[in-house]
Each structure stands twice: as C-alpha cells, then as structure tokens.
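Bear in mind the structure is a predicted one, so any value in this text is a computation, not a measurement. Lettering follows sequence order; numbering is per chain, from 1.
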Amino acid sequence: MAWRRIPSPAVAEAYDAQATEKKWQQRWADEGAYQVEAEDLRSAYYVLCMYPYPSGPAHQGHVRNYTLGDLTVRYRTMQGNAVLSPIGFDSFGLPAENAAMAAGAHPRAFTEARIAELTASLRRLGAAYDWRRVVRSHDPEYVRWNQVMFEAFLAAGLAYRASAPVNWCPGCQTVLANEQVLADGTCERSGDLVVKKDLEQWFYRITAYAEELLAGLNDLDWPERVKTMQRNWIGRSEGAEMDLVVEGRPDLRVPVFTTRPDTTFGMTYAVLAPEHPLVGVLTTPRQRPAVAALAEQTAHRSEIERQSTEGSLEKRGAFTGSLVVNPFTGGPVPLYVADYVLMSYGTGAVMAVPAEDQRDWDFAGAHHLPVVRTVQPPEGWEGEAYTGEGRKVNSDWLNGLDVATAKAAAIDWLEERGIGRRQVNYRLRDWLISRQRYWGCPIPVIHCSGCGIVPVPIDELPVLAPDDVELTARGQSPLAVHDGFRRVSCPRCGSPAERETDTMDTFVDSSWYFLRFCDPWATDRPFDPRLVEHWMPVDQYIGGITHAILHLLYARFFTRALADTGFSPPDLREPFERLFTQGMIRLGGQAMSKSRGNVVAPSVYFETVGADALRLFHLAVGPPADDVDWTSQTDEVIEGRARFLARVWRLGTTDGCPPGEAGDPMTASAPRDADPTDADQAVLRASHRLIAKVTDSIDRWSFNTAVAALDEHLNSLYRYVQAGPHRRTLDDAVDTLLLLLAPMAPHITAELWERRRGSDVHAQAWPKADPDLARALTTTLVVQVNGKVRDRVEVDPDIDVAEAERLALASAKVHELLGDALPSRIVARPPRLVNLVTP
RNA sequence: GCCCGGGUGGUGGAAUGGUAGACACGGAGGCCUCAAAAGCCUCUGCCCCUCGGGGCGUGCGGGUUCGACUCCCGCCCCGGGCACCA
C-alpha cells in the first residue's frame, strides 16, 4: 500500500488542550449548561458527589470523585434524563477555625477564599454543575434552617439535653473530640491528662430510629461492606433483661442485660460498671477503699487504655462486699465492680457466666471465682469458655435443650415470674451534637433561670455568631466569653438570661444539604417538599469510604426525622438509593492528604496535558472502588492518556495524518466514496460492538475496561485508515467514538463534534448498538483435548453442536494427537469450545 | 480477637466456569529524519527448542468439574474496619 499525500487544508494542527478546555469551560459557564428545573419533562435523575470540605484547590481525590460524578451526569443526560447535578461546600468546621487562628484571619474570610480556590479547580476540571444551586453550610440562610429544624426536633422530642461524659482537658479548660485525645490519654495540644467529665450536652435521638435504620439497609443498592459497617455500628442484640435481688436488701434490685439468658444457671458472680449509681450503696465499708481506687483509676483512664486487654485483671476489678441472688438457682453470688463493664451499654451491669464467656472466664480465673458449664462442649474440647451450640447441662429444667430453645424457655420463665423480660439492645448511642466551638451553627436556645430552656423564637432566627470575637488557642469557646452574644433577655419572661454558646457538630450540616439542593431558593422553609418529592432520593451518591458510617448514618436518620416532623414527604425514608464508594489515592503507602503534605496537585496536569487527559487517567487506572498508588510511573501513564487524545484529535481532524507542516509524510490513505467493501462493513460492525461494550462497562462502573475498549477501537481505526477507508464509514466510526468518549473527555469531544457536525456533542443521544450489526461474523472455536487447547478454528457464531464436533474432529492437530483413537466423550459448547476427552 | 476486601507478567490491570495476561505504562528492534523530538510498524509471562513447536504458569495445599484466576474446604501473606457491647 502506497501512502498518499493528503493535500491542504487537511494538514493537521496539534491539539491545544489549554485553549480548547478554556473555550468550552467559558461556554458552559456562559450558557448555564446543566441547569435543570423540576418542570423538565425528561425523567428525573439525581447525581451527587459528597460535598467537599473547602481546604483549598482540588486534590487528586477530588479529581477522582468529581470525574466519576461528571461522567455519570453527562452519560445520564445523553441517555435522556433530566439530571440534577448540584455542588456545595461543607464550610463550617474546626480546621478552618484553627487555620484562621494561625493565619490571624476570620474563619469566614479564610473559608470563603478556600471555596473560591476549590470552585476554580472544579471549573477547570470541566465538571458540570447547576451552579445556581450552590449551598454553603455557613451561609446565614442555611444556619437558619438548621436552627429551625433543631427547634422542630426539640418540640418532637428528637432533640434533648442531658449530662454526658466527655473528654475534658483541665489545661485547656475545654471539651476535646475523641480524635484530639492521644493514644496515651493526653491532650494533643497541652499534653495534660484528659479526664472524663460529666457535662450538659445536646443530643439528637438517633436511637429512636435504630430498628428502622437497621432494617432499611436491606433494600439499599450500597456496597455490602458499607452496609455491614452500619449494621455493626447499630449493633442490635437480642436477649433478656432481668432483675437481680441484692442479698439482705430485698428493696434493691440490679437490672442486668444478657444475650444468653439460657446460661443463667452458670452465673457465678455479677459485675457493676464503676460509674453505676448503686456502687455507693452496695459497697461495704471494708471494701470501700478498693472500690473507690478502682473508680478513680477508671475515671482517669483514657477510652483506649480502658478498652485495652493489657494489664492484669486483678487490678481491674474489685469486690463490693455485697451478694446478689441468682434467680435461677436461688443461690447468692458475689457482686464485683470492674472497668470492663461500661455504664453506657445495656444497664451498666452484667451477670457473669465464665463457662460461656471468655472475658468472664479470664476475670473468674484472676479472682478465683467458680466456673459452672451450662452447655456441653463438643467431644475433645480443650478451649476455655465455650460459646457454641450444644445441649444444656447443670441447668435443672433446661437440661437437654439446645441453646436456642433454652433461650426462649428462660425468657418465658422470667416473664411469667415478673422478674425479667425480652429485650433488644443497640450499641448505637444518641448523637452528641454539642461542640464548644466558634465556627459552627449556634444552637438556638436561651437558658432562663425561671423558664428553663427556651427556644429562640423562629422569627428571630438565624442566631449568628458575632464577628468580633477573639480566637485564641486556649480556653473556652469564644462565644462563651462574648457578653454581647451570651447575655440576653428571656424571650418568654423577659428577665436576664444566658444564650446557649455551644454550636452544632458539622455532621448536622451535611445531614440535609442534599435536600436543600432540590430547592435552594426557598425563603419560607428549608425546601419545598414537592420539589424534594420530585428529585429525591439521590439516584447515585458518590464519595469516599471514610464516610461509610457517621455521615451516611446521620443523613439516613435526618431524612427520617425531617419526614416525621413534616419538612419533607412522609414516605421519604432513605436519602441515597445507590452509593458508590471510590478508592483512595495513595502516595508512599499513605493516603494523599494536605495535612500529610504528600499531595501531587492536579493543577500541574491542568497546565500541561489538560483536564481531559487527567480525567481519562483516573478512569483508566483501575476499578474506581480500588485504591490507586501514585508512583514514579504515573506521569508516563497520564502522558499516555494525552497521546490517546492526540490520536483522537488527528483522526477527527485529518483522518489520522500526523501534526506538522504541509508536505510532511502522511501515514494515511485518502478516503474513498465508492461502495463499501467487506472491510468497511467490518468497521461498522466493530463500532456497534464498541457501543455495546462501552455502555455495558459504564453501567457496571467498569470505566477502566470502557477506556480500554476505546483504545482498542482507536488502534483498529488507525489500521483501517491506512488501508484506504470509505469516507462515510470512517466518519460514522469517528462520530461514534466521540459520542462514547464525550462523558469521559468532555472538552476535546465537544470541540471535534462542533468542527465536524456544528452541534453540541453533549446534547446528542447516547448511541444504541444494533444487535444484528453487533454480532460477530465469525468467532474462534477452541478445540481442546483433555482440557488443553490444541487448535483454533474460525466458525460461524451460530453453529450447532454437531457441526462443532465435526469441525473439532476434522482438525489436523487432533488427528496428530489422537491417531485413530476416538474420544470417549465430547463436550461441545458451540461456538466457543469443544473438548475431546480420551479415557 | 472478630468482620470485610485482596494476592494474576517488570508495573497498573483484563478475563461474569470455556483461548489466562485485553488495554495501558515500561522495555527491545525497525521505519521516517542530516540528526533529534514527534509519529508510525513489529515484538515483549517464564523455561526448553531442531524455529515446526513443546512444557510450565493466576499466594500455598486439597476438592468439585470434560474444563477452575473464577466454585467449595483448609492454610499463608497484605490492606482496611470494629474492637472488653454483656
């Protein structure tokens, strides 16, 4: 084949990613692309990426997240949906407060500058959003609706104030988040030993929805591991609660919770949490020093220390001097105090059955307490506590039963006598939302000595934190020492009162932003329930696995609470229909993060290869759920994506001629207009197979294989171009390639489509594969002998079993191997394989 | 300790019980060029070979199957989550 020179003006110009991307980003901004209304007649589809915390320009994790989201938005739009694609900023939070302190700026100014940076990066990535809908959690309107919801929850009993143990740093005179307490139990800032202290705090009653939050998981199209994490977090356990009578004090009862009421005959002692209210009453004078020492030691221990299994159990428990009665045997058993029993779970007291609980076994050993087995361990059992199945023994009227039957019988027995009842317990605790911080949404209540807790009247909302505060590293929240903010008169009685100075956990802000996106313009309520009804639930939610528990659980709770308080439609229970959790970007074995300082900024690539190439890299590098290691090879891989785009550009502008001056040697043959040949028909068929493959890959979130299919197709089109292509066939094939590539590389495809067709590629319908054309003309029949591949034959894809067998037996290779012997069995799976089995 | 993931060439990965290694990066050779860059073409799992081909090969050991990266059982290693929850 002789290369032909293609005359000017087909001389190629090199692809200019900078200019092209800038042009289209400007146009999308000017046109308000991807703005959508509820009135849109197309079917509604809601795509949402977890709104970012604005910490500065986008990092690679953002790029990955928003590339996945943008692909979904553009793909769904081409599929014919009216796609809601909003963006916002999780703009309250401690990091801004700390950074503002260090920089001497106000958190608002600091945060808004970071939002501007992040916004610029998102636009530079070419991500499509309805920018009119931007929500920022520090906006006064957002604060206002947060506070309105708080008051509604308060009225509905879903918000309450209670005393709760918190991490208190005596040096800083403030409450610390768990994350701020170091592993050795000291404050990360002052180095002082952090203590547990009871303080009045605000809670949201998430436990009211424990059962529904658990049951609702079953119907969600979420990653199984995320659902498992939520199930474990909710931690439902079924069992019984029963009252233990104190020996010699028939007026006192110690309620205990157990998941194994069947083992009660084996209860040889009982244990109270050191904070248990009955400890004082039940400790005898002689035992008081030991019990007091234990309580003191527990209070000063960090959570981590206390939960460690290190350290001798003798020193972690003490006898109270009192005895309680085992209700099943009627016999007295000693009552202990131990730090491994937590006041916050169950009743803060347990019955101990060392034979069927390893922790009780260990404690019993350390304190020389008896062990009575109530389940017969299997033959040859050499372990200690036995928690498995078996027949009941040493259990009087339960003897011989299996564990499940005995459980039910034991509970019935307790209920008949009125000393116990069936009980379900949850590990889930109510959500402590109070933060002694400045940069957050103020909790809108006033404390009046006469009236108690009085909500700020709705028409006075929002309560906004004053700007004239001094943010210092030490001491209380600046709000608590700001008299202008704190001192108010009671809205009810008018007497001097104090304003609440705690702010809300920022997870409150992120628990309903997706609802506000449906109607960000509402001024008389947080959102119009009809608009929420139209768009919700989110059809596809995309974000990091780091939010698998807290954010997703809180948002699920909030959605239900808002439905039940009349803000949103009553049947809207689940906010996120489908969830995708993307993998992390790692550098040097660690998650890339600004705080660690191991980031490779996207801006470098925006300025060189462009956003399309970087987006393609993130899609092609591997399954989107997997982590990505950023290595010394990564830049070369990204350049490979830019090379791919340059080839697309050349194919789309000059039928594949290389860039350069007129007169350069061409590698392509000039297209023909004559009737299509078989080779042309093959290209048409390949295009339809490509459509089917890419569509299927995208639907399965297998973007890396979708990109691979496009690579493969482009390579084959280059071979086709050199062999002398057919004008119309080539143009159609290139158009198909551009359509399929458009959601992944939106700029270059928009530019090429405009030049070739004069219209907007993103407004085109997603191509459909013609099943007849997508079917291959021939397929490779593999001939195996005893499972080993010995020959390959090109066959019609529709051949039957008999024909497949005939072709296999006709193979010269098979004759060579088998000689005259006949196979004892032939397994034919036309058109893919025939396996000849010899004895 | 418990619960999830995962282990495939030099590298990232592909293969929904049916040709293991698609595609890409890297590497080798060639074309073009005064030269280079760019571009284009060919090869690239390991071992053996008479260059026809043959053997081995998806962490390890078993099993099911005509056939296993894929399913089952038991281990090893790596990553993550939870961790005294009664």
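- For C56(B), one of the phosphate oxygens OP1 or OP2 lies less than 4.0 angstrom from a side-chain nitrogen or oxygen of Lys788(A).
- Remark: the separation of the P atoms in C41(B) and C46(B) is 24 Å, to the nearest Å.
- Taking only side-chain nitrogens and oxygens, Asn425(A) never comes nearer than 4.0 Å to OP1 or OP2 of C85(B).
- Put simply, OH on Tyr336(A) is 23 Å from P on A86(B), counting in whole angstrom units.
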| message | Counting Watson-Crick and G-U wobble pairs with both distances under 3.5 Å, what is the dot-bracket string for RNA chain B, 5' to 3', using [ ] for crossing pairs and | for pairs to another strand? | response | (((((((..(((.....[....)))((((((.......))))))((((....))))..(((((..]....))))))))))))....
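- A cation-pi arrangement is present between Arg641(A) and Phe644(A) under the rule of less than 6.0 angstrom and at most 45 degrees off the ring axis.
- For Ser237(A) and A86(B), the shortest distance from a side-chain N or O to OP1 or OP2 is below 4.0 Å.
- For Asn704(A), counting side-chain heavy atoms from C-beta on, the closest listed nucleotide (A24(B), G13(B), C3(B)) is G13(B).
- G61(B) and A24(B): their C1' atoms are spaced 35 Å apart (whole Å).
- Within 4.0 Å of Thr705(A), counting heavy atoms only, lie sugar-phosphate atoms of the nucleic acid but no base atom.
- Place Ser344(A) and Glu636(A) on RNA chain B by their nearest nucleotides, and Glu636(A) ends up nearer the 5' end.
- Straight-line distance from the CG atom of Asp626(A) to the P atom of U8(B): 12 Å, rounded to whole Å.
- The side chain of Gln722(A) has C41(B) as its nearest neighbour among U16(B), U19(B), C41(B).
- Between the side chain of Arg829(A) and the base of G18(B) there is at least one donor-acceptor pair of N/O atoms closer than 3.5 Å.
- Closest to the side chain of Met229(A), out of C3(B), C23(B), G81(B), is G81(B).
- Relative to the side chain of Arg427(A), the nucleotides G18(B), C85(B), A14(B) differ in distance, and C85(B) lies closest.
- For C85(B), one of the phosphate oxygens OP1 or OP2 lies less than 4.0 angstrom from a side-chain nitrogen or oxygen of Arg359(A).
- Between the base of U16(B) and the side chain of Arg700(A) there is a donor-acceptor pair shorter than 3.5 Å.
- Distance noted for atom C1' between G12(B) and A22(B): 13 Å (whole Å).
- A donor and an acceptor atom sit less than 3.5 Å apart, one in the side chain of Asn835(A) and one in the base of C66(B).
- Using the six-membered ring where Trp is involved, Phe580(A) and Trp701(A) have ring planes that are parallel, under 30° apart on the 30 and 60° scheme.
- Each of Asp360(A) and Arg832(A) has a nearest nucleotide on RNA chain B; the 5'-most of these lies closest to Arg832(A).
- U16(B) atom P lies 8 Å from atom NZ of Lys693(A), rounded to whole Å.
- Look at the C1' atom in both G45(B) and G39(B): the space between them is 29 Å, to the nearest Å.
- Protein atom CG of Asn232(A) is 10 Å distant from nucleotide atom C1' of A83(B), rounded to whole Å.
- Backbone-only engagement by Asn715(A) is indicated by non-hydrogen atom pairs under 4.0 Å involving sugar-phosphate atoms exclusively.
- With C23(B), U19(B), C40(B) as the choices, the nucleotide that has an atom nearest any side-chain atom of Tyr718(A) turns out to be C40(B).
- Within 4.0 Å of Arg825(A), counting heavy atoms only, lies at least one base atom of the nucleic acid.
- Taking 4.0 Å as the cut-off between side-chain N and carboxylate O, Glu636(A) and Arg643(A) do not count as a salt-bridged pair.
- Summarising the geometry, atom CD belonging to Gln358(A) is positioned 9.0 Å from atom OG1 belonging to Thr387(A); distances are rounded to the nearest 0.5 Å.
- Counting any heavy atom pair closer than 4.0 Å across all strands shown, Arg643(A) reaches sugar-phosphate atoms only and no base atom.
- Between the C1' atom of C40(B) and the CZ atom of Arg719(A) lies a distance of 13 Å, rounded to the nearest Å.
- Taking atom C1' in both G7(B) and A83(B), the straight-line distance is 26 Å, to the nearest Å.
- For Leu342(A), taking side-chain heavy atoms from C-beta onward, the closest of the listed nucleotides C85(B), G18(B), A14(B) is C85(B).
- In this structure, Val621(A) reaches the sugar-phosphate backbone alone: every heavy-atom distance under 4.0 Å involves primed, P, OP1 or OP2 atoms, never a base.
- Side-chain atoms of Thr780(A) and Glu794(A) form a donor-acceptor pair, as typed in the model, at a separation below 3.5 Å.
- If you look at Tyr605(A) and Phe617(A), their ring centroids are not closer than 6.0 Å.
- Arg236(A) has a carboxylate O that lies under 4.0 Å from a charged side-chain N of Glu211(A), or vice versa, which qualifies the two as a salt bridge.
- Nucleic acid contact class of Gly235(A) (heavy atoms, under 4.0 Å, all strands): none.
- The distance from atom CG of Leu220(A) to atom NZ of Lys227(A), rounded to the nearest 0.5 Å, is 6.0 Å.
- Rounded to whole Å, the C1' atom of C72(B) lies 26 Å from the corresponding atom of G80(B).
- The CG-P distance, from Leu550(A) to C82(B), rounds to 9 Å in whole Å.
- Salt bridge status for Arg586(A) with Asp629(A): present, with a side-chain N to carboxylate O gap under 4.0 Å.
- Comparing G57(B) with U8(B), their C1' atoms are spaced 10 Å from each other, to the whole Å.
- Residue-level contact check: Arg641(A) touches the backbone only, with heavy atoms under 4.0 Å from sugar-phosphate atoms and none from bases.
- Its glycosidic angle being within 90° of 0, G52(B) falls on the syn side.
- Residue Gln633(A) is in base contact, counting any heavy-atom pair closer than 4.0 Å across all strands shown.
- Ionic pairing of Arg421(A) and Asp243(A) is present here: one or more N-O contacts between side-chain nitrogen and carboxylate oxygen are shorter than 4.0 angstrom.
- If you measure from atom CG of Asp357(A) to atom C1' of G1(B), you get 13 Å, rounded to the nearest angstrom.
- We find that NE2 of His618(A) is positioned 16 Å from C1' of C25(B), with the value rounded to whole Å.
- Using a cut-off of 4.0 Å between Lys/Arg side-chain N and Asp/Glu carboxylate O, Glu816(A) and Lys813(A) are scored as not salt-bridged.
- The glycosidic torsion of G63(B) lies more than 90° away from 0, which places this base in the anti conformation.
- If you check every strand for non-hydrogen atoms under 4.0 Å, Gln784(A) touches a base.
- Comparing the P positions of U70(B) and U16(B) gives a spacing of 13 Å, expressed to the nearest Å.
- Backbone-only contact: Arg790(A) has heavy atoms under 4.0 Å from sugar-phosphate atoms and none from a base.
- Among the nucleotides A14(B), C40(B), U19(B), the one closest to any side-chain atom of Val789(A) is U19(B).
- Considering only side-chain atoms of Val637(A), the nucleotide from A86(B), C23(B), C25(B) that sits closest is C25(B).
- For Asn425(A) and Ser237(A), the side-chain atoms include no donor-acceptor pair closer than 3.5 Å.
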